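Working notes for the structure below.
These figures come from a predicted structure and were not determined experimentally. To find a chain, count down the sequence lines: A is the first, B the second, and so on, and within it residues start at 1.
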Amino acid sequence: MTHVPRYRFAPSPTGFFHVGGARTALYNWALALRTGGTFVLRIEDTDESRNSPEWTQGIIDALSWLGIDSSHPQFEGPYFQSQNAELHVAAAHKLFEQGNAYWCDLSAEQIQARAKETGKQGYDGYSRDRGLTGGPGQVLRFRVPTGSTVVHDLVRGEVEFANETIEDFVLLRSNGSPMFLLANVVDDIEMKVSNVVRAEEHLPNTPKQQMLWDALGHTPPQWAHVPVLVNEQRKKLSKRRDKVALEQYREEGILPDAMVNYLMTLGWAPAGDTEIVPWSSMVEEFRLEDVNHSPAFFDIKKLASFNGDYIRALSLQDFVSASLPVLAATDAWPSSRFSAEVYEKIAPLVQTRVVTMSEVPVMVDFLFLEDPAIDQAAWDKTMAAEFAADVLKHCMSEFASCEWNHDALKTILESWTEAKELKLGKTQAPIRVAMTGRTVGPPLFESIEILGRDETIRRLQKSLSRLG
RNA sequence: GCCCCCAUCGUCUAGUGGCCUAGGACACCACCCUUUCAAGGUGGCGGCACGGGUUCGAAUCCCGUUGGGGGUGCCA
């Protein structure tokens with residue numbers, strides 16, 4: 001008997017790491033941290049046909065990205081379910097010996113045929129008293145007792161299931177391998193798991209598993225079933241249809257802190273008027289009893305908004321560090337032309353303008369390209385102005401000898417603009433396109449200052465000749 | 001079909017019988033700021049699914065209806 005709560009996260013390594021799984025992991029982790037408990041990671045790899053070793057590493061990497069560090073003292077594992085196979089089989093035989101389970105040789109087709117005859121659904125307990133002793137082609141089924149099973153759930157309250165609605169489920173496949181329901185329970189018992197926090201889709205499994213705990217002579221854990229995450233159609237997030245891979249969000253430049261914060265607020269909210277709160281206070285405040293009961297929509301727009309907030313909250317130094325890998329990985333310019341020193345100058349102007357880190361390169365590419373990538377639509381639109389050539393010429397000659405800072409540069413354009421009775425918003429456009437190739441971007445005069453006099457004049461000249 | 005869960009703005013939520021004329025956030029719109037775009041500021045739009053109870057009083061409790069979701073495998 002242990003008084004230290006033991007939480008567990010038990011994903012199956014069958015694909016990229018699911019954002020729903022990430023939230024479940026985070027809930028467990030927060031709880032383990034706050035209660036001084038343990039977070040046990042168990043890889044449920046019993047379905048050999050669907051497993052792959054690299055997925056396991058993917059899970060560990062994903063958890064670590066979320067801040068669930070496998071070297072933390074409260075982290076235990078990973079354990080592998082497949083390595084406990086003998087234990088699962090032993091438990092199954094114990095259940096058979098105790099009379100809690102029996103062998104059955106009905107095929108799926110036979111079960112269907114019987115169901116059709118009796119007009120009922122599913123397996124009807126046909127083999128219960130046939131005294132089969134196991135062997136090829138036979139599965140071991142649990143003998144569901146009469147009565148009812150009440151699940152005490154921290155988020156749902158008491159949920160009662162009439163046992164007659166639960167069919168005698170399979171414990172061991174005909175090839176002798178254990179099924180999830182059994183393996184899961186045996187492992188939880190073995191690992192002394194005291195708290196099971198998982199997605200609501202498992203709620204219908206829970207009475208079965210609770211019967212298993214009872215039959216195996218152990219007190220069931222404290223259950224908690226959190227609502228599933230859904231898409232805009234309000235269907236459970238699926239790997240096929242929806243963008244659910246945590247790795248993908250990471251690659252697109254979502255900051256881990258933003259993802260963690262956002263995921264935590266799906267079904268739960270920290271106290272106060274803001275949802276953007278540090279991890280430490282979420283750990284302190286999070287309670288399963290406060291988790292909502294209905295499915296939550298995974299809203300990428302809101303995630304992006306959180307991410308923008310987190311980016312802006314970064315110190316300049318941290319923002320630069322976070323940018324560097326993205327800048328190194330981009331193929332927006334030849335890597336030899338990149339300069340971290342130049343980037344640092346423009347970084348503060350970029351920081352308030354991106355929502356994900358992956359937007360950074362396109363914002364600064366004009367600094368690292370020999371010639372800016374001219375957007376044709378931007379060119380056509382701005383260079384059509386009757387003053388386009390004039391403003392380019394004027395700037396070219398004035399910029400050649402003026403003081404080189406953004407205020408001076410701005411003053412030059414401003415005076416010209418006023419003299420022509422135009423608006424700066426208009427006249428800056430051709431210059432911007434000449435410099436960056438686009439109509440939008442970081443503040444123009446600061447950008448020009450960073451670009452440098454020679455390059456600026458060269459680009460003005462080039463645009464002028466292109467204008468023709 | 002059967003079992004189970006759920007129901008507050010479009011979305012995520014606060015709300016646990018009177019503090020609710022229902023609060024915040026995202027999104028959207030407007031205005032301000034402004035060298036583009038952002039950021040920031042101000043304001044706006046918008047909700048207790050419906051019907052019955054219980055109560056002096058209900059978003060909050062009960063029942064029903066409707067609507068959603070999950071499960072129903074020799075998957076996990």
Side-chain angles (χ1 to χ4, degrees), chain A residues 10-14 44-47 49-50 81 104 106-108 111 119-123 137-141 151 153 155-157 159-162 164-167 169-177 179-181 183-184 199-207 225 227-228 230 232 234-236 262 265-276 290 292-306 308-309 312 349-355 363 378 382 406 409-410 413-414 417 423-429 431-433 436 438-447:
Chain A
S12 58
T14 56
E44 307 231 321
D45 55 352
T46 52
D47 183 6
S49 60
R50 286 167 58 188
Q81 187 154 72
C104 172
L106 256 41
S107 67
I111 290 170
K120 290 182 183 169
Q121 295 272 316
Y123 173 71
Q138 297 188 21
V139 299
L140 189 70
R141 287 183 181 276
V151 171
D153 190 290
V155 346
R156 317 251 153 213
V159 186
E160 184 169 1
F161 298 83
E164 60 190 18
T165 65
I166 302 171
E167 70 176 39
F169 52 95
V170 174
L171 262 19
L172 251 31
R173 299 186 181 90
S174 56
N175 68 4
S177 65
M179 291 278 291
F180 155 75
L181 247 20
N184 188 265
E200 193 197 344
E201 62 203 79
H202 289 288
L203 188 52
N205 288 330
T206 310
H225 290 89
V228 293
V230 297
E232 44 283 288
R234 306 219 61 88
K235 301 281 188 204
K236 189 172 77 161
Y262 177 64
T265 65
L266 253 23
W268 175 80
D273 269 353
T274 175
E275 294 171 300
I276 308 269
D290 297 335
N292 254 288
H293 296 184
S294 15
F297 171 50
F298 185 81
D299 186 354
I300 295 173
K301 276 191 176 170
K302 190 159 180 178
L303 204 214
S305 166
F306 271 47
D309 276 8
R312 276 169 257 124
L349 303 175
V350 175
Q351 193 171 2
T352 56
R353 288 174 171 74
V354 294
V355 156
M363 196 123 269
T382 53
H406 61 268
L409 295 164
K410 183 183 175 188
L413 219 211
E414 251 173 359
T417 302
K423 292 285 183 197
L424 193 53
K426 287 277 188 192
T427 56
Q428 57 90 35
I431 309 293
R432 178 181 293 280
V433 171
T436 71
R438 299 193 184 86
T439 54
V440 299
L444 180 59
F445 305 107
E446 288 80 347
S447 299

How close or far is atom P of B/rC4 from atom CG of A/D153, stated in whole angstroms?
15 Å

Hunt down the Watson-Crick or G-U wobble partner of B/rA30, both distances under 3.5 Å, from any strand shown, or write none.
B/rU42

B/rA7: pairing nucleotide in any strand, Watson-Crick or G-U under 3.5 angstrom
B/rU66

Closest of B/rU36, B/rC5, B/rA76 to the A/P443 side chain is B/rU36

Distance, C1' atom - from B/rG46 to B/rA25, rounded to whole angstrom
14 Å

Suppose you measure atom C1' in B/rA14 against the same atom in B/rA22; what distance do you get, rounded to whole Å?
9 Å

Describe the nucleic acid contact of A/K235 in one word from base, sugar-phosphate, nothing, applying a heavy-atom distance below 4.0 Å.
sugar-phosphate

With a 4.0 Å cut-off on heavy atoms, is A/E160 in touch with a base, just the backbone sugar-phosphate, or nothing at all?
sugar-phosphate

Contact class for A/S174 vs. all strands (heavy atom < 4.0 Å): base, sugar-phosphate, or nothing?
base

Can you confirm if the NZ or CZ of A/R141 lies within 45° of the ring axis of A/F169 and under 6.0 Å from the centre of its six-membered ring?
no

Between B/rC28 and B/rC45, how many Å separate the two C1' atoms, rounded to a whole number?
8 Å

Closest heavy-atom contact between A/T165 and A/A162?
OG1-O, 2.6 Å

Atom P, compared across B/rU65 and B/rC12: separation rounded to whole Å
26 Å

Give the nucleotide from the list B/rA38, B/rC74, B/rU35 with an atom nearest to the side chain of A/V139.
B/rC74

Under-4.0 Å side-chain N/O to phosphate OP1/OP2 contact, A/R234 with B/rG70
no

When the distance from CG of A/N292 to C1' of B/rC12 is rounded to whole Å, what number comes out?
9 Å

Which nucleotide in B/rG23, B/rA76, B/rC6 has an atom nearest any side-chain atom of A/M179:
B/rA76

Looking across every strand, which nucleic acid part, if any, lies under 4.0 Å from A/R432 by heavy atom: base, sugar-phosphate, or nothing?
base

Classify A/A296 by what it touches in the nucleic acid, base, sugar-phosphate, or nothing, heavy-atom distance under 4.0 Å.
sugar-phosphate

Paired nucleotide for B/rA22 [Watson-Crick or G-U wobble; both distances under 3.5 Å]
none

Counting only side-chain nitrogens and oxygens, does A/K410 get under 4.0 Å of the OP1 or OP2 atom of B/rU35?
yes

Ignoring hydrogens and geometry, is there a side-chain-to-backbone donor-acceptor pair from A/R432 to A/T427 under 3.5 Å?
no

Look at all strands and tell whether A/F445 reaches a base, only sugar-phosphate, or nothing, counting heavy atoms closer than 4.0 Å.
base

With rounding to the nearest 0.5 angstrom, report the CG to CG distance, A/L409 to A/L444.
8.5 Å

Heavy atoms under 4.0 Å, any strand shown: does A/Q138 hit a base, just sugar-phosphate, or nothing?
nothing

Applying a 4.0 Å non-hydrogen cut-off, can you work out what A/R312 is touching in the nucleic acid: base, sugar-phosphate, or nothing?
sugar-phosphate

Taking CG from A/L203 and C1' from B/rA76, how many angstroms apart are they, rounded to a whole number?
16 Å

Phosphate oxygens OP1/OP2 of B/rU11: is one of them under 4.0 Å from a side-chain N or O of A/K301?
no

Among the nucleotides B/rU36, B/rC6, B/rC26, whichever has the atom closest to the side chain of A/R353 is B/rU36

Give the rounded distance in Å between these two atoms: CD of A/E201 and P of B/rA76.
14 Å

When rounded to the nearest Å, what value does the distance between C1' atoms of B/rG10 and B/rC4 take?
28 Å

Expressed in whole Å, how much space separates the C1' atoms belonging to B/rC63 and B/rG70?
24 Å

Rounding to an integer number of Å, can you tell me how far A/F298 CZ sits from B/rG10 P?
22 Å

When you measure from the side chain of A/Y262 to the backbone of A/D299, do you find a donor-acceptor pair of N or O atoms at a distance under 3.5 Å?
yes

When all nucleic acid strands are considered with a 4.0 Å heavy-atom cut-off, which category describes A/F169: base, sugar-phosphate, or nothing?
nothing

So what does A/L140 hit on the nucleic acid, given a heavy-atom distance under 4.0 Å: a base, only sugar-phosphate, or nothing?
nothing

Distance in angstrom units between A/E167 CD and B/rG1 P, rounded
19 Å

Choosing from B/rA38, B/rC3, B/rG70, which nucleotide comes nearest the side chain of A/P204?
B/rG70

Looking at the side chain of A/K236, which of B/rC75, B/rG70, B/rU35 is the nearest nucleotide?
B/rG70

C1'-based separation of B/rA58 from B/rU16 [nearest Å]:
12 Å

Ring centres within less than 5.5 Å and planes less than 30° apart: is that true of A/H202 and B/rA76 in this structure?
yes

Rounding to the closest angstrom, what is the interatomic distance between B/rU8 and B/rC48 at atom C1'?
4 Å

Taking any heavy-atom pair under 4.0 Å as a contact, classify A/S305: base, sugar-phosphate, or nothing.
sugar-phosphate

Might you point out which heavy atoms bring A/K236 and A/V230 nearest each other, and give the distance in Å?
N-CG1, 3.9 Å

Starting at atom CG of A/L413, determine the distance to atom P of B/rU35, rounded to an integer number of angstrom.
11 Å

Watson-Crick or G-U wobble mate for B/rA58, both contacts under 3.5 Å
none

I need the CD1-P distance between A/I111 and B/rU72, as an integer number of Å.
15 Å

